[in-house]
Amino acid sequence: MKTAVSTFDNGLDIQPADMVTGFTYGDGYFGPTVEHRKLDAIRPSLRQPDCEGPEIVYSIAMDVGKNHHLPLLKEMHLLYGAVTYAAGQLGEEPIRSQGHIHKKSAYANGWSTPEVYEIWQGEAVIYMQETAKDQPGRCFAVHAKAGEVVIVPPSWAHATISADPSTPLTFGAWCDRDYGFDYEDVRAHHGLSYFPLVDAENKGLKWVANPHYEPSNLIIKKSPRNYTEFGIDPSKSIYQQFEEQPDRFEFVPRPDLYAEKWVNFEP
Ligand SMILES: O=P(O)(O)OC[C@H]1O[C@](O)(CO)[C@@H](O)[C@@H]1O
């Protein structure tokens, strides 16, 4: 059973630490030294690039897990990442990632790959849009709390936003092992098609359209749905579900085998 955080039971002895260290790992677990995304590095993607904010905005540990699972993860081309975001704000904007599209994968026959998020602590909005071309297509903002799961489909541009400035956001995600981020179209449009702003009065986020895109409708989804088509069980952590039935996550490195499930996908 899932429990609350700062415990939500993510099924792993991997815990968020300070922004410099990122994560601590229990015995029998592996994980890298974290990669820091510093404010100066992400300024070009912000609505107000000269804003003030934490020096380390988020710390990324790609490839974490239980030691005995590593051979299977490699064989399946799967990777579990963990990311922790600082508390606070980036000027008027919430703490957030820059926004990218997953690169096309040879292993997936040229498809871009999806991502399966699980929030561990704090609150997130996973913002996503169908393309980062002039017409972005459908745009979704999915508000997820600890224990909830959100799937970003292949080739969609997306960013992870902390929805509560008072608390650090931490999450885990299943990704393709040979992951790579494509920023080209997002950067050409100076970001994604909507900028989130902190709405202190209403204790939430408000949204401002990015004028570098053609107009589109922002579809706010209050909460994520259950992904029954992929057999995701909302009562267990996504790592535990991998442990019990690894094939359940084959759709992450091989979205091409599940082509019909991505047609008109709604997160
Ligand atoms: O490089 P960007 O767009 O800032 O995003 C990095 C983020 O993307 C992730 O892959 C999650 O989609 C995490 O590694 C991190 O939160």
Side-chain angles (χ1 to χ4, degrees), residues 36-58 60 83 85-86 88-105 110-115 117 123-144 150-163 165 169 173 175 179-202 204-222 262 264-267:
H36 295 135
R37 282 279 201 284
K38 296 200 170 169
L39 177 54
D40 282 344
I42 70 164
R43 284 187 188 283
S45 76
L46 299 177
R47 186 162 174 265
Q48 187 200 338
D50 61 351
C51 71
E52 289 185 8
E55 186 200 356
I56 300 174
V57 184
Y58 41 105
I60 306 172
V83 189
Y85 282 41
Q89 291 184 211
L90 302 169
E92 291 180 312
E93 286 189 79
I95 299 287
R96 66 168 175 87
S97 62
Q98 303 169 91
H100 60 237
I101 296 172
H102 293 163
K103 73 162 199 199
K104 295 189 167 112
S105 155
W111 280 56
S112 163
T113 53
E115 181 161 353
Y117 289 81
E123 286 185 33
V125 169
I126 312 297
Y127 171 82
M128 59 187 104
Q129 59 191 53
E130 287 182 283
T131 83
K133 303 292 182 197
D134 293 349
Q135 175 43 251
R138 293 175 297 153
C139 305
F140 292 90
V142 184
H143 191 154
V150 180
I151 296 182
V152 174
S155 83
W156 286 38
H158 58 281
T160 310
I161 300 159
S162 175
L169 164 68
C175 309
Y179 69 94
F181 304 146
D182 179 354
Y183 298 100
E184 191 180 335
D185 287 342
V186 174
R187 287 187 177 154
H189 290 90
H190 304 267
L192 293 168
S193 64
Y194 283 87
F195 292 108
L197 297 181
V198 173
D199 182 356
E201 210 171 299
N202 297 305
L205 299 178
K206 52 190 177 186
W207 300 87
V208 181
N210 176 346
H212 296 96
Y213 288 88
E214 290 171 12
S216 59
N217 289 325
L218 177 66
I219 304 163
I220 304 269
K221 288 276 183 186
K222 291 286 182 215
W262 303 116
N264 295 322
F265 182 90
E266 278 208 14

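With sequence neighbours excluded, the residues satisfying ring pair (Phe, Tyr, Trp, His ring centres under 6.0 Å) with Tyr117 are Phe171. Considering only residues two or more places apart in sequence or on other chains, His143 meets the ring pair (Phe, Tyr, Trp, His ring centres under 6.0 Å) condition with none of them. Taking the side chain to side chain donor-acceptor pair (under 3.5 Å) definition, one finds that Glu93 meets it with Arg96, sequence neighbours left out. Lys133 is linked by a side chain to side chain donor-acceptor pair (under 3.5 Å) to Asp185, counting only residues two or more places apart in sequence or in another chain. Under the side chain to side chain donor-acceptor pair (under 3.5 Å) criterion, Asp40 pairs with Arg43, sequence neighbours left out. Taking the ring pair (Phe, Tyr, Trp, His ring centres under 6.0 Å) definition, one finds that Phe181 meets it with His100, Tyr179, sequence neighbours left out.
Minimum interatomic distance between Gly53 and Leu90 (heavy atoms only, all atoms of both residues): CA-CD2, 4.4 Å. Closest approach of Ile95 and Gly88 over heavy atoms only: CG1-O, 3.2 Å. In terms of heavy atoms, His158 sits closest to Val152 at ND1-CG1, 3.5 Å. The heavy-atom pair separating Pro196 from Leu205 by the smallest distance is CB-CD1, 4.4 Å.
Distance check, rounded to the nearest 0.5 Å: CG of Asn217 to SG of Cys139 gives 8.0 Å. Note that CH2 of Trp111 is 11.5 Å distant from OG1 of Thr113, once rounded to the nearest 0.5 Å. Residue Asp134 holds its CG atom at 11.0 Å from NE2 of His212, rounded to the nearest 0.5 Å. Here the CH2-OG distance, from Trp156 to Ser112, works out to 12.0 Å after rounding to the nearest 0.5 Å. Distance CG/Leu169 to OG/Ser97: 10.0 Å, rounded to 0.5 Å. Between atom CZ of residue Arg187 and atom CD of residue Gln98 there is a gap of 5.0 Å, rounded to the nearest 0.5 Å.
Side chains of Ile161 and Ile126 form no contact here, defined as non-hydrogen atoms less than 4.5 Å apart. By the 4.5 Å heavy-atom criterion applied to side chains, Ser216 and Tyr194 are counted as neighbours. A 4.5 Å side-chain heavy-atom check between Glu55 and His36 finds every atom pair outside the cut-off. Counting heavy atoms from C-beta outward, Glu92 and Val198 have side chains that stay 4.5 Å or more apart. In this structure the side chain of Ser162 never reaches within 4.5 angstrom of the side chain of Gln89, judged on heavy atoms. Taking the side chain as every heavy atom from C-beta outward, Ile56 and Tyr58 never approach each other to under 4.5 Å. With a 4.5 Å cut-off on side-chain heavy atoms, Ile220 and Val142 do not count as touching. Within the 4.5 Å cutoff, the side chain of Phe195 has heavy atoms near those of the Asn210 side chain.
In terms of modelled atom types and a separation under 3.5 Å, the side chain of Arg47 and the main chain of Leu197 share no donor-acceptor contact. Looking only at distances, a side-chain donor or acceptor of Gln135 sits under 3.5 Å from a matching main-chain atom of Gly137.
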Is there a side-chain contact (heavy atoms from CB on, under 4.5 Å) between Thr160 and Val83? Walk through the geometry before answering. CA-CA 10 Å; Thr160 310; Val83 189; over 6 Å; no

Can Arg37 and Ile60 be said to form a side-chain contact (heavy atoms from CB on, under 4.5 Å), step by step? CA-CA 8 Å; Arg37 282 279 201 284; Ile60 306 172; 3.7 Å; yes

As a quick check of understanding, evaluate side-chain contact (heavy atoms from CB on, under 4.5 Å) for Arg138 and Met128, giving each step before the final call. CA-CA 8 Å; Arg138 293 175 297 153; Met128 59 187 104; over 6 Å; no

Please step through side-chain contact (heavy atoms from CB on, under 4.5 Å) for the pair Phe140 and Val125, ending with a clear verdict. CA-CA 9 Å; Phe140 292 90; Val125 169; over 6 Å; no

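The 12-atom threshold is exceeded at CD of Glu130, counting heavy atoms of other residues, nucleotides or ligands nearer than 6.0 Å. More than 12 heavy atoms of other residues, nucleotides or ligands sit less than 6.0 Å from atom CG of Asp50.
Ring-plane geometry between Tyr213 and His189 is classed as parallel, the angle between the planes falling under 30 degrees on a 0 to 90 degree scale with a further cut at 60.
Side-chain contact of Ser193 with Tyr127: a donor-acceptor pair under 3.5 Å is present, judged by distance alone.
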